[in-house]
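Just so it is clear, the structure is predicted and the values come from calculations on it, not from any experiment. Sequence positions, counted from 1, serve as the residue numbers for this chain.
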Amino acid sequence: MSSTSEPPGGRLRVAHVVPRTVAEGPGTRYAIWVQGCTLRCPGCFNPHLWTSRGGTLRRPADLVAEATAAGAEGITVLGGEPLDQPRATAALVRRARAAGLSTVVFTGHTLEELQARGAPGVAEVLAATDLLVDGPYRAELPDRARPWLGSTNQRFHFLTDRYGPPDVVAPDRVEVRVAADGAVELNGWADEELLELLAGDVGRRARG
């Protein structure tokens, strides 16, 4: 497993944060998209997050403090590939757990791959994660039934008793935010065609 995007100093390279969302896991969550992914699944929704250049280096303690201040139930870490930055991701989920927040991590690696490889920080991430969503995105296997998943090969792993199967039956949601300058931001889970339609419709309304 490569960790070529792991920044120095224990900081996490972050592309984007949504302080309160109900579209990125169970309950109200503080969602963190990391910058950098060496997996680069064909058809990925976020190819702009593949490069390890860009983003902002953030201290895990600051992210957890923001999540607590936002009143979130927990944090969701996605990307990008969080396990390309295993030590910083481990520090983040450990601090979140210590603060009483739940932890959800999305990864393109399988749980078996993570358990078999000894990269520093990976075991610590798993030990502090309540819900792991694993597996590469497979564009030819779209998942229309389960929330938050892009393809049917991906799996939910309940690594603690904080969450269980009843917590992952919510419908997919898409959230739309329009800034004062008219910029449109979408997050959540839907197929690419629907996201493009939403973006176009909201953009027209914002300009009108």
Side-chain angles (χ1 to χ4, degrees), residues 1-39 46 48-109 111 114-115 117-134 148 156-163 167-168 175 177 179 185 187-188:
M1 182 187 309
S2 172
S3 58
T4 56
S5 61
E6 183 99 39
R11 300 194 178 200
L12 188 70
R13 190 175 298 279
V14 173
H16 185 60
V17 164
V18 173
R20 287 180 64 87
T21 174
V22 295
E24 306 296 348
T28 301
R29 313 203 64 77
Y30 181 94
I32 304 160
W33 283 261
V34 304
Q35 182 73 44
C37 179
T38 55
L39 295 176
N46 294 321
H48 57 290
L49 301 184
W50 287 354
T51 177
S52 60
R53 296 185 297 275
T56 303
L57 295 181
R58 299 291 310 275
R59 295 175 61 241
D62 293 340
L63 293 166
V64 171
E66 290 175 10
T68 301
E73 172 181 329
I75 65 167
T76 295
V77 192
L78 59 172
E81 173 50 58
L83 273 301
D84 276 0
Q85 304 180 63
R87 289 175 289 246
T89 299
L92 173 64
V93 292
R94 282 199 308 265
R95 283 183 175 274
R97 179 77 69 77
L101 301 174
S102 63
T103 54
V104 176
V105 175
F106 285 75
T107 177
H109 300 282
L111 177 60
L114 296 175
Q115 291 171 330
R117 297 178 182 180
V122 172
E124 290 83 354
V125 171
L126 297 179
T129 296
D130 295 307
L131 172 59
L132 182 78
V133 183
D134 79 337
W148 319 315
F156 294 117
H157 296 280
F158 305 103
L159 302 184
T160 71
D161 60 4
R162 181 104 184 215
Y163 295 119
D167 298 301
V168 297
E175 296 174 338
R177 296 173 179 83
E185 176 184 293
N187 74 281

Derivation of the side chain to side chain contact (heavy atoms under 4.5 Å, CB included) call for W148 and F106 = CA-CA 10 Å; W148 319 315; F106 285 75; 3.9 Å; yes
When you measure from the side chain of [X] to the backbone of [Y], do you find a donor-acceptor pair of N or O atoms at a distance under 3.5 Å?
X	Y	answer
N46	G79	yes
R87	P120	no
Q35	T51	yes

Test side-chain contact (heavy atoms from CB on, under 4.5 Å) applied to P19 - qualifying residues, sequence neighbours left out |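 In terms of side-chain contact (heavy atoms from CB on, under 4.5 Å), with neighbours along the sequence ignored, P19 is linked to V17, Y30, A70.
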Are [X] and [Y] side-chain neighbours, meaning at least one heavy-atom pair lies under 4.5 Å?
X	Y	result
E81	T38	no
L131	V168	yes
L132	V125	no
T129	V77	no
L49	C37	no

Kindly compute the distance separating CG (L83) from NE2 (H109), expressed to the nearest 0.5 Å.
->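 Reported value, rounded in 0.5 Å steps: 5.5 Å.
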May I have the step-by-step check of side chain to side chain contact (heavy atoms under 4.5 Å, CB included) for L63 and L12, ending in yes or no?
-> CA-CA 10 Å; L63 293 166; L12 188 70; 4.2 Å; yes
Run the side-chain donor-acceptor check on residues 88-101: report pairs under 3.5 Å with partners two or more places apart or on a different chain.
residue: T89; atom: OG1; partner: P82; partner atom: O; Å: 2.9
residue: T89; atom: OG1; partner: Q85; partner atom: O; Å: 2.9
residue: R97; atom: NH2; partner: A128; partner atom: O; Å: 3.1
residue: R97; atom: NH2; partner: D130; partner atom: OD1; Å: 3.4

Counterpart residues, side-chain hydrogen bond (donor to acceptor under 3.5 Å, both in side chains), relative to T76 (two or more places apart) |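 Result, side-chain hydrogen bond (donor to acceptor under 3.5 Å, both in side chains) vs T76: R29.
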Residues which pass salt bridge (Lys or Arg N to Asp or Glu O under 4.0 Å) with [X], listed by chain and number, not counting sequence neighbours:
X	result
E124	none
D167	none
R11	none

Please walk me through it: do H16 and H48 pass side chain to side chain contact (heavy atoms under 4.5 Å, CB included)?
-> CA-CA 12 Å; H16 185 60; H48 57 290; over 6 Å; no
V18 and E24: CA distance, side-chain angles, deciding distance, side chain to side chain contact (heavy atoms under 4.5 Å, CB included) verdict = CA-CA 10 Å; V18 173; E24 306 296 348; over 6 Å; no
Considering non-hydrogen atoms only, spot the tightest contact between A31 and L78 and give its length.
->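 Nearest heavy atoms, A31 then L78: CB-CD2, 4.4 Å.
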